[in-house]
Amino acid sequence: MNGVGAVLLVLAAVGVCAVGPWSATRRVRGFGRPVTCRVRGRRATARRAESVAATDLLAACLTAGATPIRAAEVAAAVLDGAVAFALRAAVRAAARGAGPEECWSKLAAIPELDTVGRILARAAVCGTRAADAMAAEAAAMRLRNSAAGQAAVTRVGVWAVAPLALCFLPAFLFLGVVPIALGLAPLMAH
């Protein structure tokens, strides 16, 4: 291989390494997926954190002797977002005279609060004390959130390898395999 061929080969490899990841990113973003996933992921993370805060507030209010409705009013007043909206819906349903199951089923709109709604409905129907169950549920929610966070960190490590593959594989082909193939081509012609 002469000097001009080697220079052209190196320039081609550098071009592929520079343009490859950029063009792949552009194509993926063209579908709108990364932005949508990031926004959806942030909303879910915020909703999970708000659910834990609401459950902790409910547990504290119930421990202090508040009724489940009063505890939901306090938590809804302190929080903002989808969780507060679901708590307000439960309080409004109770004010209209809805039964405990109907009232607390409003919390099922938030998947993280489904168990919380069942605990409060059971407490209203059976007259049991819900503070301990609510505190246990808050602890379980924190544990689930921690596991979800650790899984997200693991996924970041996997996705960090993708740009390396997009750069090093073409470079390996152009700087390792192609020169050897071009060097062997004249030998194969004889």
Side-chain angles (χ1 to χ4, degrees), residues 24-163:
T25 303
R26 291 287 125 207
R27 272 187 258 123
V28 171
R29 286 190 183 152
F31 290 108
R33 184 155 187 255
V35 174
T36 306
C37 288
R38 262 188 248 127
V39 169
R40 194 177 309 133
R42 286 184 192 140
R43 285 183 189 152
T45 301
R47 190 182 63 233
R48 283 193 303 266
E50 190 179 3
S51 296
V52 171
T55 307
D56 279 332
L57 283 168
L58 288 168
C61 291
L62 292 169
T63 301
T67 64
I69 296 297
R70 180 65 185 140
E73 286 174 345
V74 170
V78 171
L79 299 171
D80 188 31
V83 172
F85 182 77
L87 288 169
R88 285 187 201 105
V91 169
R92 282 193 303 270
R96 284 193 320 265
E101 289 90 4
E102 181 185 348
C103 170
W104 296 114
S105 69
K106 306 292 184 194
L107 297 182
I110 308 293
E112 293 84 6
L113 292 181
D114 186 38
T115 303
V116 171
R118 286 195 305 254
I119 291 169
L120 293 172
R122 185 174 54 237
V125 170
C126 301
T128 59
R129 190 172 144 93
D132 295 334
M134 196 64 64
E137 178 60 21
M141 290 168 90
R142 277 191 291 281
L143 188 63
R144 285 191 299 266
N145 287 351
S146 175
Q150 288 174 351
V153 167
T154 303
R155 282 192 302 272
V156 167
V158 171
W159 284 105
V161 175

Colleague: Please check if the side chain of S51 supplies one atom and the backbone of R47 the other of a donor-acceptor pair under 3.5 Å.
Modeller: yes
Colleague: Please walk me through it: do L79 and F85 pass side-chain contact (heavy atoms from CB on, under 4.5 Å)?
Modeller: CA-CA 9 Å; L79 299 171; F85 182 77; over 6 Å; no
Colleague: Run R129 and L62 through side-chain contact (heavy atoms from CB on, under 4.5 Å) and show every step you take.
Modeller: CA-CA 8 Å; R129 190 172 144 93; L62 292 169; over 6 Å; no
Colleague: Locate the shortest heavy-atom distance separating W104 from A72; write the atom from each residue and the value.
Modeller: CH2-CB, 3.7 Å
Colleague: Can you sort out the partners of D132 under side-chain hydrogen bond (donor to acceptor under 3.5 Å, both in side chains), two or more places apart, ordered by chain and number?
Modeller: none
Colleague: Closest approach of A121 and P100, non-hydrogen atoms and distance?
Modeller: CB-O, 4.0 Å
Colleague: Just so I know, are the side chains of M134 and L120 near enough to count as touching, which here means a heavy-atom distance under 4.5 Å?
Modeller: yes
Colleague: Side chains of R118 and T115: do they bring a donor and an acceptor to under 3.5 Å?
Modeller: yes
Colleague: Under the side chain to side chain contact (heavy atoms under 4.5 Å, CB included) rule, collect the residues that match up with A76, sequence neighbours excluded.
Modeller: L87, R88
Colleague: Indicate the atoms forming the closest heavy-atom contact of L107 with L113, along with that distance.
Modeller: O-CB, 3.6 Å
Colleague: Which atom names give the shortest non-hydrogen contact between A108 and D114, and what distance separates them?
Modeller: CB-OD1, 3.6 Å
Colleague: Specify the closest pair of heavy atoms between A98 and C103, including all atoms of both residues, with the distance to one decimal.
Modeller: CB-N, 4.4 Å
Colleague: State the OG1-CD distance between T55 and E50, to the nearest 0.5 angstrom.
Modeller: 10.5 Å
Colleague: If you take all heavy atoms of A59 and T63, which pair is closest and at what distance?
Modeller: O-OG1, 2.7 Å
Colleague: Mind checking side-chain hydrogen bond (donor to acceptor under 3.5 Å, both in side chains) for R144 and listing every partner two or more places apart, or none if nothing turns up?
Modeller: E137
